[in-house]
Number of protein chains: 2
Amino acid sequence: MVAQRGRRNGAAAHKRTGSRRGPDADNAPTAELPAVTENGADPEARVKAIPEAAVARMAVYLRILSAMAEQGGTTVSSEELSAAAGVNSAKLRKDLSYIGSYGTRGVGYEVQVLIGQIERTLGLTRQHRVAVVGIGNLGHALANYGGFPGRGFPVEALFDIDPDLIGVPVGGVPVSHLDDIPVVCAERQISIGVIATPPAAAQTVCDRLVAGGVQCILNFAPVVLQVPEHVEVRKVDLAVELQILSFHVARRADNKVNGQVVEDPIPGAADEGVVMPS
Amino acid sequence: MVAQRGRRNGAAAHKRTGSRRGPDADNAPTAELPAVTENGADPEARVKAIPEAAVARMAVYLRILSAMAEQGGTTVSSEELSAAAGVNSAKLRKDLSYIGSYGTRGVGYEVQVLIGQIERTLGLTRQHRVAVVGIGNLGHALANYGGFPGRGFPVEALFDIDPDLIGVPVGGVPVSHLDDIPVVCAERQISIGVIATPPAAAQTVCDRLVAGGVQCILNFAPVVLQVPEHVEVRKVDLAVELQILSFHVARRADNKVNGQVVEDPIPGAADEGVVMPS
DNA sequence: AGGTGTGAAATCTTTCACAGCT
DNA sequence: AGCTGTGAAAGATTTCACACCT
């Protein structure tokens, strides 16, 4: 086979990931309209390719904006908003530019307008029914989160395999059996499945959720799920988070051997010095 | 070539306080790791800077390798390991190359060796004492996680503000009061603090953890924490995760409009651009 | 002045593809 | 023949810096 890739954002190109699956997908471009990317003066801005990273930040901006609105704020500058979100203003403006131009030069953004636009972009104008699988400690916590973040994500189904739990209502929703996942999810039009089971059960549960028509999965189990192409998976992995922090602790200790912290590490290196922070 | 991490030069120093870490994906460069020390075998190539993204994946590789070791596996090829981790083999090899050359051409990697090297890189050869703040549903779940991911992250302190909880042992550790965070953390040499409190309390808790000498924070509260430079923060935000998934559901639906709709035709949710006042 | 919107440059990541060991 | 290790190309994201409105 000769090289057939490296297609610079050209026109005709099936945006396919070489192999059959790509669960990783942490950086895939967001839209995939082959040739028809035009979106001129459409009153309803067509969803262009918003970088995945920007989408994640939008959610943060949204929360901050909501808080500001609640406190009576009516306008914000990119400087203010970005500071509250912990990013720099250029990034904030760039992010917002992906969804349109809703600011006023010399003034800033209108809080309400921005909230509306971000909500629209994130698809928050519709409901996304959620199912939580695995009603252990974590599942309980999730189920009781009550409608999840603000409304928009009602928990409509719970599942577990423990006979003692079946039928018991948690947070107002009765627990069903794992075996019923496909049926119940289909019936209740679940669009997001949350997996909070032990790792061993995760893949099976995932398969059933998919069978039930669930399109998106939020996985708390420390397992890499295999899913069909059309299903979106996000992973929240406590162990990974802690280990990343561990890495930083270790790195820091190494860089600190002299009691001096440096921004740019010096190729001086040190052994695995065990330095305790003072 | 001057490639310093210099700050801006145009605008003077603003007060963009801490919180340099983004919401989701990370973007801060990772400092260089000093050369190996212990069992040498590190002739030349000094370990370069390990990309943050690679660090996160290492943790995943590690888990898979451990599972393989448990099942008696002794060697793996990049192809096998990468498939199990859900990435492609080139990425896996590149990631591993950041920590050294521990594979054997024509053969693969020795599971045990890789485990050891990754653990060393992630700083898992030392203990990282953890404190969990906020013993609600989530905090309970975390506290009971028991030593967290395979030992190495012992939970040594718990905090809450509820008088009824103070003194009560959860998962073997008695709950202390929020006010005692600085003292207790310092005493017990806590290096990682986990915040599982309501958003309103998060920043205060964070400040106390920092006062207690905690260097890394895993934040479950939907708040952007402001921290001094030397403190590392990772955020796990359920709302953000769900909203990202929501975005994908919406996008998918949009792209399918001219083709065939296949998903949730939610009755009575047909609006766009209009803010739901619910 | 004051602040947005955005090409263009700088950076960071991923992927290619093949030299080089075993 | 098989598989790792890696320079180099391709992509994606972030940052700069400035034209351009109010």
Side-chain angles (χ1 to χ4, degrees), chain A residues 1-10 13 15 17-19 22 24-31 48-57 75-82 87-110 113-114, chain B residues 1-11 14 16 20-30 43-45 47-57 75-82 87-110 113-114:
Chain A
M1 284 323 162
V2 198
Q4 40 94 175
R5 36 184 50 292
R7 184 115 258 150
R8 106 176 330 112
N9 84 17
K15 179 206 168 301
T17 314
S19 30
D24 194 35
D26 262 341
N27 59 327
T30 297
K48 288 188 291 189
I50 301 177
E52 180 82 13
V55 172
R57 287 188 297 266
T75 62
V76 246
S77 65
S78 61
E79 201 61 59
E80 287 177 87
L81 184 50
S82 66
V87 304
N88 67 18
S89 64
K91 192 187 289 184
L92 183 273
R93 288 200 302 279
K94 179 66 96 180
D95 284 347
L96 293 183
S97 79
Y98 292 125
I99 66 176
S101 299
Y102 301 105
T104 305
R105 298 181 185 216
V107 180
Y109 303 89
E110 246 182 80
V113 171
L114 226 41
Chain B
M1 180 132 36
V2 182
Q4 283 295 20
R5 280 168 51 62
R7 225 36 282 191
R8 76 278 316 290
N9 46 331
H14 239 281
R16 197 169 101 30
R20 49 258 186 355
R21 187 120 265 145
D24 180 69
D26 311 23
N27 47 350
T30 292
E44 27 84 43
V47 187
K48 294 180 296 186
I50 301 179
E52 181 81 12
V55 173
R57 287 189 297 266
T75 62
V76 248
S77 65
S78 62
E79 202 60 59
E80 287 177 86
L81 183 50
S82 66
V87 303
N88 69 17
S89 63
K91 193 187 289 183
L92 182 273
R93 288 200 301 280
K94 180 64 98 179
D95 284 348
L96 293 183
S97 79
Y98 293 124
I99 66 175
S101 299
Y102 301 105
T104 305
R105 297 180 186 217
V107 181
Y109 303 88
E110 245 182 82
V113 172
L114 226 42

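Within every chain, numbering begins at 1; the chains are lettered A, B, ... in the order of the sequence lines, protein sequences first and strands thereafter.
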### Message
Could you work out, with side chain to side chain contact (heavy atoms under 4.5 Å, CB included) as the rule, every residue matching A/S78, not counting sequence neighbours?
### Response
A/S89, A/L92, A/R93, A/Y109

#### Entry: Atom pair CD1/CG of B/I50 and B/D95 - distance to nearest 0.5 Å
9.5 Å

### Task
Could you list the residues that satisfy side chain to side chain contact (heavy atoms under 4.5 Å, CB included) with B/V107, not counting sequence neighbours?
B/T104

### Summary
Of all heavy-atom pairs linking A/K94 and A/S97, the shortest is O-OG, 2.6 Å

### Message
Side-chain N or O of B/R57 versus OP1/OP2 of C/dT13: is the shortest distance under 4.0 Å?
### Response
no

### Query
If every non-hydrogen atom of A/A49 is compared with every non-hydrogen atom of A/Y98, which pair is closest and at what distance?
O-CD2, 4.5 Å

### Message
From CD of B/E52 over to P of D/dT14, roughly how many Å is that when rounded to an integer?
### Response
13 Å

### Task
Can you tell me the distance, in whole Å, between the CD1 atom of B/I99 and the P atom of D/dT4?
14 Å

### Summary
B/N88 atom CG is separated from D/dG11 atom P, nearest whole Å, by 15 Å

#### Entry: Integer-rounded Å distance: D/dG5 P and B/L81 CG
12 Å

### Distance-minimising heavy-atom pair for B/R57 and B/V87
CD-CG1, 4.0 Å

Pull out every protein N or O sitting under 3.5 Å from an N or O of nucleotides 3-7 of chain C, one pair per line with the distance.
unit_1: C/dG3; atom_1: O4'; unit_2: A/G106; atom_2: N; d: 3.1
unit_1: C/dT4; atom_1: OP1; unit_2: A/S78; atom_2: N; d: 2.5
unit_1: C/dT4; atom_1: OP2; unit_2: A/S78; atom_2: OG; d: 2.5
unit_1: C/dT4; atom_1: O2; unit_2: A/R105; atom_2: NH1; d: 3.3
unit_1: C/dG5; atom_1: OP1; unit_2: A/Y102; atom_2: N; d: 3.4
unit_1: C/dG5; atom_1: OP1; unit_2: A/G103; atom_2: N; d: 3.0
unit_1: C/dG5; atom_1: OP2; unit_2: A/Y109; atom_2: OH; d: 2.8
unit_1: C/dG5; atom_1: O4'; unit_2: A/R105; atom_2: NH2; d: 2.9
unit_1: C/dG5; atom_1: N7; unit_2: A/R93; atom_2: NE; d: 2.9
unit_1: C/dG5; atom_1: O6; unit_2: A/R93; atom_2: NH2; d: 3.1
unit_1: C/dG7; atom_1: N7; unit_2: A/K94; atom_2: NZ; d: 3.4

### Message
Going by salt bridge (Lys or Arg N to Asp or Glu O under 4.0 Å), name the pairs with one or both residues in residues 99-110 of chain B, residues two or more places apart or in two chains.
### Response
none

### Message
Return the CD to CG distance between B/E79 and B/N88, rounded to the nearest 0.5 Å.
### Response
8.5 Å

### Query
How sharply is the helix from C/dA1-D/dT22 to C/dT22-D/dA1 bent, taking the axes over five pairs at either end and rounding to 10 degrees?
0°

### Message
What is the separation between atom NZ on B/K91 and atom P on D/dA12, rounded to the nearest whole Å?
### Response
12 Å

### Message
How many whole angstroms separate atom CD of A/E80 from atom P of C/dG2?
### Response
14 Å

